[in-house]
*Asks:* 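My structure is below; once you've seen it, I'll send some questions.
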Amino acid sequence: METISINDLKNFEIDISLTNLVISLLTSIVCAYVIKIVYLKYAKTLNNKENFSDVFILLSITTTIVITVVKFSLALSLGLVGALSIVRFRAAIKEPEELVYLFMIIGIGLASGSAQFEVAFILTGAAFVIIFISDKFSKKKITFNSEILNIDISKNDYDAFSEKLKNVSAKNKIEIELKSLNKQDEKFHIVYIVKNLYETDKAEILINELKKINNLNFALSKDIHLPL
C-alpha cells in the first residue's frame with residue numbers, strides 16, 4: 001500500500017483559478033442573500049432576525065473560501081481539522097429554526113467552494129419552495145391580539161427593570177410572557193409577548209411606563225402570528 005510522507009504533503013501545490021473563485025463567491029453571495037430574504041419574511045423565531053441574518057452572507061463567503069483552499073491540499077485539510085478542534089462557541093443557538101438556516105448557509109458555502117454551483121442553486125430554490133409552501137398551507141398558526149416587546153438593558157439594571165415591569169403589568173392587568181433572554185457582553189436582550197395590549201389604552205400606559213426607566217431601549221412590533 002502506498003504511503004504519504006511529510007515531504008509529499010509539503011510538495012502539494014495550490015492552484016486556484018481566480019475566475020472560478022469569483023464565480024464561487026458570487027454564487028454563495030447570491031444564494032445566501034436569497035436565504036436571508038426568506039428568513040426575514042418567513043422565519044417564526046422571536047429573536048432579533050435582522051442581527052442574526054446579517055451573518056448569513058459572511059458565513060457563506062467564509063465557508064466558500066475555506067473549501068476552495070483546502071480542496072487543493074491534503075495538508076491544509078488536516079490542518080483545518082486541527083484548527084477547528086480548538087474552536088469554542090459561546091453563543092448558544094436556542095431556536096432549532098435558526099440552526100436549520102445556518103446549516104443551509106454552510107451547505108451553500110460547501111457547494112460553492114467545491115464548484116458545485118448547480119447544487120447551491122438547487123438547495124436555495126428547494127429551501128425557498130419548501131418554506132413558502134409550509135408557510136402557505138400550515139394550519140398550526142393562530143393570530144392573537146398580541147405584540148412582541150424587545151428590550152435591551154444592562155445587566156446591572158435588569159433586576160430593577162424586571163420588578164418595575166412586573167408591577168406595571170399587575171397594576172394595569174397587562175398579560176406579559178417572557179419568551180427569551182439572551183446575554184450579550186454586559187447587556188440583556190429580552191423578548192416578551194404582550195397580549196391584548198390595545199384594550200382600554202394599555203399600549204399607551206405600557207409605553208409611558210417604559211420611557212420612565214433609565215438606560216432602557218425597547219421596541220414594540222405589531223401584527224404578530226404566533227405558532228401553536
*Asks:* Who passes ring-ring contact (aromatic ring centres under 6.0 Å, His included) against Tyr158, sequence neighbours left out?
*Replies:* Phe188
*Asks:* Please say whether more than 12 non-hydrogen atoms of neighbouring residues, nucleotides or ligands are located less than 6.0 Å from OH in Tyr42.
*Replies:* yes
*Asks:* For Phe121, enumerate each residue passing the ring-ring contact (aromatic ring centres under 6.0 Å, His included) test, keeping only those at least two apart in sequence or located in another chain.
*Replies:* none
*Asks:* Are Val119 and Ile23 co-members of a hydrophobic cluster defined by side-chain heavy atoms under 4.5 Å apart?
*Replies:* no
*Asks:* Any chain of hydrophobic side-chain contacts (each under 4.5 Å) joining Leu59 to Phe52?
*Replies:* yes
*Asks:* Dump the intermediate steps for side-chain contact (heavy atoms from CB on, under 4.5 Å) on Ile153 and Lys187, then the final yes or no.
*Replies:* CA-CA 6 Å; Ile153 193 169; Lys187 291 186 177 182; over 6 Å; no
*Asks:* Which heavy-atom pair separates Ile67 from Ser114 by the least distance, and what is that distance?
*Replies:* CG2-N, 3.8 Å
*Asks:* ring-ring contact (aromatic ring centres under 6.0 Å, His included) with Tyr101: which residues, sequence neighbours excluded?
*Replies:* Tyr39
*Asks:* side-chain contact (heavy atoms from CB on, under 4.5 Å), that's the test. Do Ile65 and Leu25 meet it? Break it down for me.
*Replies:* CA-CA 8 Å; Ile65 293 176; Leu25 290 176; 3.8 Å; yes
*Asks:* Is it true that Phe128 and Phe56 fall in one hydrophobic cluster, defined by side-chain heavy atoms closer than 4.5 Å?
*Replies:* yes
*Asks:* Does Asn167 have any side-chain hydrogen bond (donor to acceptor under 3.5 Å, both in side chains) partners at least two apart in sequence or in another chain, and if so, which?
*Replies:* none
*Asks:* Excluding sequence neighbours, so at least two apart, what forms salt bridge (charged side-chain N to carboxylate O under 4.0 Å, His left out) with Lys166?
*Replies:* none
*Asks:* Is a donor on one side and an acceptor on the other found under 3.5 Å between the side chain of Ser24 and the backbone of Ser112?
*Replies:* yes
*Asks:* Keeping Thr64 on the side-chain end and Ser28 on the backbone end, is there a donor-acceptor pair under 3.5 Å?
*Replies:* no
*Asks:* Under a 4.5 Å side-chain heavy-atom rule over Ile, Leu, Val, Met, Phe, Trp and Tyr, are Leu110 and Leu123 clustered together?
*Replies:* yes
*Asks:* Could you work out, with side-chain contact (heavy atoms from CB on, under 4.5 Å) as the rule, every residue matching Leu58, not counting sequence neighbours?
*Replies:* Thr62
*Asks:* Hey, could you give me the CD1/CD1 distance between Ile57 and Ile61, rounded to the nearest 0.5 Å?
*Replies:* 7.0 Å
*Asks:* Can you tell me which residue among Ile35, Thr27, Ile29 is in a side chain to side chain contact (heavy atoms under 4.5 Å, CB included) with Ile108?
*Replies:* Ile35
*Asks:* I need the minimum non-hydrogen distance between Cys31 and Thr124, along with the two atoms involved.
*Replies:* CB-OG1, 3.1 Å
*Asks:* Going only through I, L, V, M, F, W and Y residues with side-chain contacts under 4.5 Å, is there a path from Leu102 to Ile105?
*Replies:* yes
*Asks:* Given Phe161, which of Leu165, Asp159, Asp157 fulfils the side chain to side chain contact (heavy atoms under 4.5 Å, CB included) condition?
*Replies:* Leu165
*Asks:* Do Lys36 and Asp54 meet the salt-bridge criterion of a basic N to acidic O distance under 4.0 Å?
*Replies:* yes
